[in-house]
Amino acid sequence: MNNERIELFKKMAEDASAILYIADTENTVVEYIEKIMKLNGYSRFAAPGMPAALCRNLETGGFEKIGSPLRDRAGEIDAGIVNASFGIAETGTLVVNSDNEDIRLATMLSETNFILLNPENIVEKSSDISNELNTWFKKNNYTAFITGPSRTADIERVLTLGAHGPEHLHIILTNNK
Amino acid sequence: MAYTSNKKYRKEISHALDDKFLQTALGNFTSNYPQSRENAFNGKNIEELIHGITDLKRKSVSHINELYSLFKQKATEHGAIIHLASDAEEANSIIEKIASEGNVRSIVKSKSMTSEEIHLNDHLISKGFEVVETDLGEWIIQLRHEGPSHMVMPAIHLSKGQVAETFSDETKQSQPEVIKTLVSVARKELRPRFLKADMGITGANFAIAGTGTIGIVTNEGNARLVTTLPRIHVALIGLEKLIETVDEALKILEVLPKNATGQKITSYITWITGRNECKSSADGKKEYHIVFLDNKRSEIANDKIFSDILNCIRCGACANVCPVYGHIGGHMMGHVYIGPVGHILTYFYHGIDNAAFLADNCINCLACKEVCAAGIDLPSLIKEIQIRINERKGRPVISKTVTALLKNRKMFHRFLKIAKTGQKPFTGNDGFIRHLPLILYKEHSFRTLPVLADEPLRDKWKSIKPVVNNPKLKIGIFAGCLDDFVYPEQVEAAIKLFAANNIESFMPEEQSCCGLPLMMTGDKKNSKIVALRNVMAFKDGGYDAIVTLCASCASFLKGSYPEMEGFNDEEKEQITRFAGKITDFRSFVNKYCSFRSNENVGKTVTYHAPCHLIRGLNLKESAENLITKAGYKFVRSEFENQCCGFGGTYTVKYPEISAAQLEKKLDAAEKTGAEILLTECPGCIMQLRGGADKQKRNISVLHLSEILNCNQNPANVEQKIK
């Protein structure tokens, strides 16, 4: 694993106002999400495409899982949890394959977005994944590059987080699948 | 808004200059932007990136039809329905038809300049559809019934107070002037609109033909909701957004946000290929239409002069660095598309009436050309537009006067000599005109004008030319009008320095104005006549170099002469040879001259970089080195690289803006505490020195040639400053 690249990714993601957490085991992933959710007084989460075990653990912890279709409960998603396929170090960007509508909504309609990323999948620059993008784009596809939380500077150029999408973005680096 | 006369246009400009909030907002933005941009590009080779985009966009534009066919094939394979609209009207009716056939009632939109271009909202609303803009800035201006004042920051002209007022009206409850709260008002108000909308309309930043994919660049994330929640998605895309590959899109993306706002990347980039899952649609997949807009684009693609305009990636950087935009904002500087590129796009997309007076309002400082992400030579294209408008609408009086004066050298020089006598009643004893003749209006009184020299350089040349025995170099001096008739002392100092370095100077008498003022008024024909006359004047001198102390002349002689068309081969060869010898004063001094250090004078110097030196001639090395070498303490002033506001005939046409820019420059220079404001162009000197005098500023404005010390020319700086 290229530690320099991970460090760069961390720095750039943090520059873009994302919060970075390195989780050693599956347990620590759940613990971290639970901790943040409790801190914010959240009770509901959506985790499209995530392993059943992670959802079960959160449910055991007392949180309610919102199932598909998320659009029917759009206003209720406190936390959205999804996986990223790649990270791009030089901009701190997450690449999320979002063919699934619920993945799009979990990353857009939640107040806080948790995105899990395997550090082995961090590349240096966007052109390093152009082959993968080309393969994806050969089929019907919806892909998102996500860098930091949603933002706007449309009023007096003052940067404000949480425009239409999440106000907080937590990136969890984890090797566990 | 279309302006029916220059007078009405200038009146609107005055309102903008009086708008305190606008002035602060634009001032803050334009002064922060260069640093943010530099930080964003940190470690990258900007020029290389820009060249890359220029090449790939040129290639795409020249294959625009093939790319369209390929895109159509690929996107259709994935279930998208492709439409091609030849003009705004057709695009509007295609989208209206999609909406009616889809039983659409409400529509949400994400930001799209192309939809602004065709006035799509007005059309759809007039047909009974509910249309809501969801980009915060666009929503604000939609509620206020205004147009965007910047390509990527549409509401930059508004204060939080104005936004609070607008939102209070919309929500029927009082909203505080707190930005964070106002943003959450928009979030809360717009969420239900997204959810109930039947159709979402977006633009796109990329249309990748090889895969039939579109790419949308946003920060707020509204485009993701617009393309996800409603059951129908319509993307409206200008044909010039077509490129071939994903890699090309990534290349543009590497520059777009950095150049636009100094952001490394935006929060979201959305890539969509074909129909995707949509749980509110009958078959579980979204109905997906892409409407390509031609609206003269395929015609422009084949235009030898203007095809580069389709390279534009809509980053808005040309406005960010434009000193004119920095004072008056977008509404006075465009119709729908604003800023430098807006001058050109307005002419093509919104017609000559909406473009009239805009192209004229270019100070030709070249800052937009330097910053353009796609390497477009915006100032030259703006000039071309001006020529076309002049051809149709007739040339303004000022422009005709300039032509009449300059096309005949003898008449011009005789005029200047008569003017010398004519100005006597108005002249003070300190080199400035103290009382303006009535022919000049009060709006020109922001700076004093210099008096014409007692004896022009050409008349006293024989008496001042130093004798040099066995010179190591023989050079021609191209004086230019201002150094010839107003500031001969600048050249006098220079030729003494040259003589001290064993260099002999000559001044061919047949030389005249360089022709730039003619070009600036859009008179291409006569600038060519003047150009050839100058080239011929120097032809037989056998000079090793032709040196000029005027940055504007130098840039025009060296850069623009060889690009003029319509000469025969022999003339062309002469022009190339002439242009090759043109050297600006500083570069020549650096290469061939030594001088004594003036350390004992102990003066502090700040510097104004002439536009046509650093951008026209691309002299990137700072003047700091030479100033320090000459024994002065150097201190950099803010906006060193920004135009002084002179711009030749510009200052006559738009004195209010010229004055505002001058004030900004002098404020910055004075703030450094320097005693001398140094520059290298007599045009800048006329503006800066006149302003410093009129406004009683505590700083003296000098030409670089005047502070370099040598035996023949003891610089006597003490006498030259206050």
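Numbers restart at 1 for each chain; the letters A, B, ... are given by sequence-line order, proteins then strands. These values consider heavy atoms only, across backbone and side chains, with no hydrogens, waters or symmetry-generated copies. Everything quoted here is computed from the prediction, not taken from an experiment.
- The closest side-chain donor-acceptor pair between A:Asn141 and A:Thr143 falls under 3.5 angstrom.
- Contact of B:Lys44 with chain A is made through the side chain alone, with heavy-atom distances under 4.5 Å.
- Considering only heavy-atom pairs separated by less than 4.5 Å from chain B, the leading option among A:Gly162, A:Ala16, A:Ala18 is A:Gly162.
- Taking chain A as the reference chain and counting heavy-atom pairs below 4.5 Å, the highest number among B:Thr228, B:Thr134, B:Asp135 is found for B:Thr228.
- With chain A as the partner, the residue from B:Asn222, B:Val163, B:Leu229, B:Val183 showing the most heavy-atom pairs under 4.5 Å is B:Leu229.
- Proximity to chain B (any heavy atom under 4.5 Å) is shown, for A:Ala144, by both the backbone and the side chain.
- Ranked by heavy-atom pairs under 4.5 Å with chain B, the first of A:Asp99, A:Val158, A:Leu109, A:Asp15 is A:Leu109.
- For a residue to count as touching a neighbouring chain, one of its non-hydrogen atoms must lie under 4.5 Å from one of that chain's; by this rule B:Thr270 touches chain A with backbone and side chain alike.
- Of the atoms belonging to A:Ser17, not a single heavy atom falls under 4.5 Å from chain B.
- If you take OG1 on A:Thr91 and CD on A:Glu124, they are separated by 11.0 Å, rounding to the nearest 0.5 Å.
- A side-chain donor-acceptor contact under 3.5 Å links B:Arg144 and B:Thr166.
- Salt-bridge annotation for A:Glu90 and B:Lys258: absent, with no side-chain N of the basic residue lying under 4.0 Å from a carboxylate O of the acidic one.
- A side-chain donor-acceptor contact under 3.5 Å links B:Ser159 and B:Gln162.
- In this model, no donor atom of one side chain and acceptor atom of the other lie less than 3.5 Å apart for A:Ser85 and A:Asn97.
- For A:Lys125, no part lies near chain B; criterion is any non-hydrogen pair under 4.5 Å.
- For B:Ile272, the parts sitting under 4.5 Å from any heavy atom of chain A are the backbone and the side chain alike.
- When each of B:Glu254, B:Arg224, B:Lys264 is checked for heavy-atom pairs under 4.5 Å with chain A, B:Arg224 comes out on top.
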Practice item. Show your reasoning for whether side chain to side chain donor-acceptor pair (under 3.5 Å) applies to B:Asp19 and B:Gln23. Key: CA-CA 6 Å; B:Asp19 181 338; B:Gln23 292 306 312; over 6 Å; no
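- The shortest distance between side-chain heavy atoms of A:Ile171 and A:Phe9 falls below 4.5 Å.
- To the nearest 0.5 Å, the span separating CD1 on A:Ile33 from OH on A:Tyr42 amounts to 13.0 Å.
- Counting heavy-atom pairs under 4.5 Å between each of B:Ala80, B:Ala186, B:Gly137 and chain A puts B:Gly137 at the top.
- Within the 4.5 angstrom heavy-atom criterion, no atom of B:Ile216 approaches chain A.
- Heavy atoms of B:Arg187 lying under 4.5 Å from chain A belong to its backbone as well as its side chain.
- Within the 4.5 angstrom heavy-atom criterion, only side-chain atoms of A:Arg157, from C-beta onward, approach chain B.
- For a residue to count as touching a neighbouring chain, one of its non-hydrogen atoms must lie under 4.5 Å from one of that chain's; by this rule B:Thr227 touches chain A with backbone and side chain alike.
- For the pair B:Lys279 and A:Asp102, the salt-bridge criterion is met [side-chain N within less than 4.0 Å of a carboxylate O].
- For the set A:Val95, A:Thr107, A:Thr93, the count of heavy-atom pairs under 4.5 angstrom toward chain B peaks at A:Thr107.
- Chosen from B:Val246, B:Thr266, B:Ile156, the residue pairing most often with chain A at heavy-atom distances under 4.5 Å is B:Val246.
- With a threshold of 4.5 angstrom between heavy atoms, B:Leu136 approaches chain A through its backbone and through its side chain.
- Both the backbone and the side chain of A:Asn100 come within contact range of chain B, judged by heavy atoms closer than 4.5 Å.
- In this structure, a donor-acceptor pair under 3.5 Å is present between the side chains of A:Thr152 and B:Glu220.
- Heavy atoms of A:Leu70 lying under 4.5 Å from chain B are absent altogether.
- For B:Asn28, the parts sitting under 4.5 Å from any heavy atom of chain A are the backbone and the side chain alike.
- The residue among B:Lys286, B:Met153, B:Arg275 with the most heavy atom pairs within less than 4.5 Å of chain A is B:Arg275.
- With 3.5 Å as the limit, one finds no donor-acceptor pair spanning the side chains of B:Glu138 and B:Gln142.
- Checked against the 6.0 Å centroid threshold, A:Tyr21 and A:Tyr32 count as a close aromatic pair.
- Judged by distance alone, the side chains of B:Gln263 and B:Asn219 do bring a donor and an acceptor atom under 3.5 Å apart.
- Heavy atoms closer than 4.5 Å to chain B are found in the side chain of A:Thr160, but not in its backbone.
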